[in-house]
Amino acid sequence: MSRFLSPRFEALEAYTPGEQPRDQQYIKLNTNESPFPPSPEVIERINADEVRRLHLYPDPEGKFLKEKLAKLYGVEKENIFLSNGSDDILNFAFMAFCDNERGAVFPEISYGFYPVYADLYQVPHMKIPLKEDFSIHYKDYCNVNKMVVIANPNAPTGMEIGLYEIEEILKSNPHHVVLIDEAYVDFGGTSAVGLVEKYPNLMVSMTYSKSRSMAGARLGFAIASKEIIEDLEKIKFSTNPYNINRLTLVAGEAAVDSDFYYKENSKKIIATREATVKALKNLGFIVLDSKANFIFAKHDKIYGGEFYAELKKKGVLVRHFEKEKIKDFVRITIGTDAQMKIFLQKTAEILNER
Ligand code: PMP
């Protein structure tokens with residue numbers, strides 16, 4: 001800690017993103033990126049003319065992108081909030097809807113950024129354990145009288161809860177925001193967006209980083225009641241109104257125009273996921289039921305940290321969390337068929353070496 005940092009951040013433990021090593025080329029299955037490039041339309045629209053316009057600020061409202069997203073999701077432009085990746089949305093939500101009296105709850109095993117934001121804003125929070133089978137039990141989130149944050153599908157398990165359960169949580173916490181983080185919803189999950197009209201306390205966040213192959217562009221959006229969106233806009237315009245750059249806005253619009261391309265890619269990922277799950281089970285792995293672009297798996301013969309390290313030596317990166325209840329597992333992002341073939345070969349080699 002430097003002598004300049006405010007004491008209120010003294011104990012803050014920052015989020016650790018997955019590795020982005022530059023030492024060699026890995027088969028990168030560790031940060032849930034898409035293995036596919038952005039659509040041809042996105043690549044074409046980010047051209048020299050757009051670069052020439054970089055001397056101008058971007059539209060702080062992102063009007064055109066909001067209009068396209070509103071049409072795609074069957075809501076109004078005023079129901080959409082745009083942000084610099086969906087991490088930024090989470091940040092704004094904790095800033096806007098919580099404080100040292102208004103707390104938050106989220107699952108104990110979930111996206112590691114939730115407790116960091118809670119700590120950053122000194123929000124009292126409760127981490128609710130998952131059930132034995134790693135599922136989220138909705139009743140644990142009913143009548144909690146705090147902001148509820150649930151990744152659905154959850155990370156790193158990949159498991160989802162149904163809309164009925166989400167409705168029960170919404171109904172029982174009418175005075176608090178229920179934030180459903182749908183970063184991974186496009187890989188076979190069920191979206192809660194259809195409930196936004198009925199529940200003014202529902203906020204759904206999504207990202208371009210996964211199914212839309214734009215992790216490097218940093219673009220996320222939330223869909224919620226106008227009331228919630230206005231609150232988020234207030235925070236955004238009080239921090240950094242131009243938080244989405246011009247090129248990303250253009251890329252985001254082109255991506256909505258090529259929705260078909262991304263839907264086809266998601267279908268490919270789902271098919272590859274199912275084939276990988278089957279192959280891993282044949283090798284003796286226990287694999288949780290995933291609706292995301294990653295799977296969470298463990299094997300009796302090898303501890304998660306060792307499996308991660310052995311794979312890394314062989315040029316394949318996966319993610320391991322040194323956390324009590326999940327340290328036997330690794331999280332494996334679904335890549336292309338060719339990448340997964342190599343991953344499975346290396347995995348079989350590692351098991352044979354034991
Ligand atoms: N939510 C969840 C559950 C995630 O796993 C991630 C990706 N690390 C994010 C949100 C944030 O993604 P991004 O900021 O790239 O939109």
Side-chain angles (χ1 to χ4, degrees), residues 13-37 85 87 109-113 116 134 151 153-159 183-184 187 209-211 213-216 265 268-354:
E13 249 185 73
Y15 175 71
T16 313
E19 316 163 72
Q20 304 290 353
R22 303 283 181 248
D23 60 330
Q24 68 172 77
Q25 281 259 319
Y26 288 95
I27 293 191
K28 212 175 159 300
L29 309 177
N30 70 327
T31 46
N32 299 340
E33 289 138 328
S34 173
F36 304 115
D87 281 336
I109 292 170
S110 191
Y111 185 31
F113 228 138
V116 178
F134 295 95
N154 195 15
T157 63
M159 292 166 70
Y184 300 105
F187 305 100
S209 299
K210 316 293 175 188
S211 59
S213 301
M214 270 172 42
N265 283 349
K268 283 186 210 162
I269 298 280
I270 293 169
T272 307
R273 179 185 70 208
E274 295 312 305
T276 308
V277 169
K278 207 167 149 196
L280 283 176
K281 285 186 175 168
N282 283 339
L283 289 171
F285 278 86
I286 290 173
V287 189
L288 301 190
D289 184 20
S290 171
K291 286 274 164 56
N293 68 337
F294 56 83
I295 48 184
F296 208 44
K298 69 168 183 177
H299 197 290
D300 281 349
K301 258 181 154 180
I302 188 161
Y303 154 69
E306 244 176 295
F307 183 37
Y308 153 83
E310 291 293 317
L311 278 170
K312 189 172 178 183
K313 275 193 223 152
K314 291 176 185 286
V316 180
L317 269 190
V318 296
R319 186 117 194 232
H320 176 252
F321 300 92
E322 191 57 55
K323 216 173 168 183
E324 196 42 43
K325 291 181 185 163
I326 53 171
K327 64 185 186 342
D328 290 338
F329 285 81
V330 295
R331 192 193 68 191
I332 306 143
T333 303
I334 302 300
T336 60
D337 283 331
Q339 288 177 319
M340 299 322 281
K341 195 171 160 197
I342 297 172
F343 158 74
L344 288 166
Q345 273 167 1
K346 304 289 178 197
T347 299
E349 275 171 35
I350 293 166
L351 292 176
N352 283 337
E353 285 158 13
R354 289 200 157 237

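Every value quoted in this text rests on a predicted model; they were computed, and no experiment measured them.
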Undergrad: Taking atom CG of Asn32 and atom OG1 of Thr333, what is their separation to the nearest 0.5 Å?
TA: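 Taking CG in Asn32 and OG1 in Thr333, the distance rounds to 3.5 Å.
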Undergrad: Quick check on Glu322: does its CD atom have over 12 non-hydrogen neighbours (other residues, nucleotides or ligands) under 6.0 Å away?
TA: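 More than 12 heavy atoms, drawn from other residues, nucleotides or ligands, come within 6.0 Å of this atom.
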Undergrad: Hey, what do you get for OG (Ser209) to OH (Tyr184), rounding to the nearest 0.5 Å?
TA: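 Here the interatomic distance stands at 8.5 Å.
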Undergrad: Stepwise, does the side chain to side chain contact (heavy atoms under 4.5 Å, CB included) test hold for Lys325 with Ile109?
TA: CA-CA 8 Å; Lys325 291 181 185 163; Ile109 292 170; 3.8 Å; yes
Undergrad: Could you pull out the closest heavy-atom pair between Arg331 and Pro156, with the gap in Å?
TA: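 For Arg331 and Pro156, the tightest heavy-atom pair comes out as CD-CB, 3.7 Å.
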Undergrad: Using modelled atom types only, decide if a donor and an acceptor are shared between the side chain of Thr272 and the backbone of Thr336 within a distance under 3.5 Å.
TA: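 No, the answer is negative, given that no donor and acceptor are paired below the 3.5 Å cut-off.
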Undergrad: In Å and rounded to the nearest 0.5 Å, what is the OG1 to NZ distance from Thr157 to Lys291?
TA: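 So the gap between those two atoms works out to 11.5 Å.
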Undergrad: Can we say Glu353 and Lys314 salt-bridge, meaning some charged N sits less than 4.0 Å from an Asp/Glu carboxylate O?
TA: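 Yes, this pair counts.
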Undergrad: Let me confirm one number: the CD1-CE distance from Ile27 to Met340, rounded to the nearest 0.5 Å.
TA: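 If we round to the nearest 0.5 Å, Ile27:CD1 and Met340:CE are 9.5 Å apart.
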Undergrad: Sequence neighbours left out, cut at 3.5 Å: what donor-acceptor pairs do the side chains of residues 304-311 make with other protein atoms?
TA:
{"unit_1": "Glu306", "atom_1": "OE2", "unit_2": "Arg354", "atom_2": "NH1", "d": "3.1"}
{"unit_1": "Glu306", "atom_1": "OE2", "unit_2": "Arg354", "atom_2": "NH2", "d": "3.1"}
{"unit_1": "Tyr308", "atom_1": "OH", "unit_2": "Glu19", "atom_2": "OE1", "d": "3.4"}
{"unit_1": "Tyr308", "atom_1": "OH", "unit_2": "Glu19", "atom_2": "OE2", "d": "2.7"}
{"unit_1": "Glu310", "atom_1": "OE2", "unit_2": "Lys313", "atom_2": "NZ", "d": "3.3"}

Undergrad: Do Lys210's NZ or CZ and the ring of Phe187 fall within the cation-pi criteria of under 6.0 Å and 45°?
TA: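 That pair does not qualify as a cation-pi contact.
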Undergrad: Identify the two heavy atoms, one from Pro35 and one from Ile269, that lie closest to each other, and give their separation to 0.1 Å.
TA: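 Scanning both residues, the minimum pair turns out to be CD-CD1, 3.6 Å.
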Undergrad: With sequence neighbours excluded, tell me which residues meet side chain to side chain contact (heavy atoms under 4.5 Å, CB included) with Asn282.
TA: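 If we apply the side chain to side chain contact (heavy atoms under 4.5 Å, CB included) test to Asn282, skipping adjacent residues, there are no hits.
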Undergrad: Take a 6.0 Å sphere around NZ of Lys341 and say whether it holds more than 12 heavy atoms from other residues, nucleotides or ligands.
TA: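 Counting other residues, nucleotides and ligands, NZ of Lys341 stays at 12 neighbours or fewer.
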Undergrad: Are any of the side-chain heavy atoms of Ser34 and Asn293 separated by less than 4.5 Å?
TA: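 No, every pair of side-chain atoms sits at 4.5 Å or beyond.
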Undergrad: For Leu280 and Ile332: C-alpha separation, side-chain torsions, deciding distance, then whether side chain to side chain contact (heavy atoms under 4.5 Å, CB included) applies.
TA: CA-CA 11 Å; Leu280 283 176; Ile332 306 143; 4.1 Å; yes
Undergrad: Taking Glu274 for its side chain and Ala271 for its backbone only, find out whether a donor-acceptor pair lies under 3.5 Å.
TA: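 Not confirmed, Glu274 side chain does not pair with Ala271 backbone.
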Undergrad: Could you check whether any side-chain N or O of Ser290 sits under 3.5 Å from a backbone N or O of Ile295, counting only pairs where one atom can act as donor and the other as acceptor?
TA: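 Not at all, since once roles are kept as given, no pair shorter than 3.5 Å links the two residues.
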Undergrad: Name all residues meeting the side chain to side chain contact (heavy atoms under 4.5 Å, CB included) criterion together with Thr31; count only those two or more places apart in sequence or in a different chain, and write none if there are none.
TA: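 By the side chain to side chain contact (heavy atoms under 4.5 Å, CB included) rule, Thr31 matches Gln20, Lys28, Glu33.
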Undergrad: So, do Phe285 and Lys298 sit near enough that their side-chain heavy atoms are less than 4.5 Å apart?
TA: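 No - every pair of side-chain heavy atoms lies 4.5 Å or more apart.
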Undergrad: Run the side chain to side chain contact (heavy atoms under 4.5 Å, CB included) check on Asp87 and Phe113 step by step: do they pass?
TA: CA-CA 8 Å; Asp87 281 336; Phe113 228 138; 3.7 Å; yes
Undergrad: What is the distance from atom CG of Asp300 to atom CD1 of Ile286, rounded to the nearest 0.5 Å?
TA: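 Asp300 CG to Ile286 CD1: 6.0 Å, rounded to 0.5 Å.
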Undergrad: First locate atom CD1 of Ile342, then atom CD of Gln345, and finally report the distance between them rounded to the nearest 0.5 Å.
TA: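 So the gap between those two atoms works out to 6.5 Å.
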Undergrad: Among all residues two or more places apart in sequence or in another chain, which pass the side chain to side chain contact (heavy atoms under 4.5 Å, CB included) test with Ala151?
TA: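 With neighbours one apart ignored, the set is Ser110, Tyr114, Asn154, Asp181.
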Undergrad: Could you tell me whether the side chain of His320 and the main chain of Lys327 form a donor-acceptor pair under 3.5 Å?
TA: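 Checking the backbone N and O of Lys327 against the side chain of His320, a donor-acceptor pair under 3.5 Å is found.
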Undergrad: Show the nearest heavy-atom pair for residues Gly18 and Asn30, with the distance to one decimal.
TA: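 In this case the closest contact between Gly18 and Asn30 is C-ND2, 4.2 Å.
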Undergrad: For Ala279, check side chain to side chain contact (heavy atoms under 4.5 Å, CB included) against everything at least two apart and list the hits.
TA: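 Side chain to side chain contact (heavy atoms under 4.5 Å, CB included) list for Ala279, sorted by chain: Leu344.
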Undergrad: Treating Arg273 as the side-chain partner and Ala292 as the backbone partner, does any N or O pair qualify as donor plus acceptor under 3.5 Å?
TA: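 Yes: the side chain of Arg273 pairs with the backbone of Ala292.
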Undergrad: With ring pair (Phe, Tyr, Trp, His ring centres under 6.0 Å) as the rule and sequence neighbours excluded, what pairs involving residues 325-354 come up?
TA: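 Listed once each, the pairs are Phe134-Phe329, Phe296-Phe329.
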Undergrad: Between Ile334 and Phe294, is there a side-chain heavy-atom distance shorter than 4.5 Å?
TA: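 No, too far: nothing below the 4.5 Å cut-off.
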Undergrad: Looking at His299 and Leu283, would you say the former's side chain and the latter's main chain have a donor-acceptor pair under 3.5 Å?
TA: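 Indeed, once roles are kept as given, a pair shorter than 3.5 Å links the two residues.
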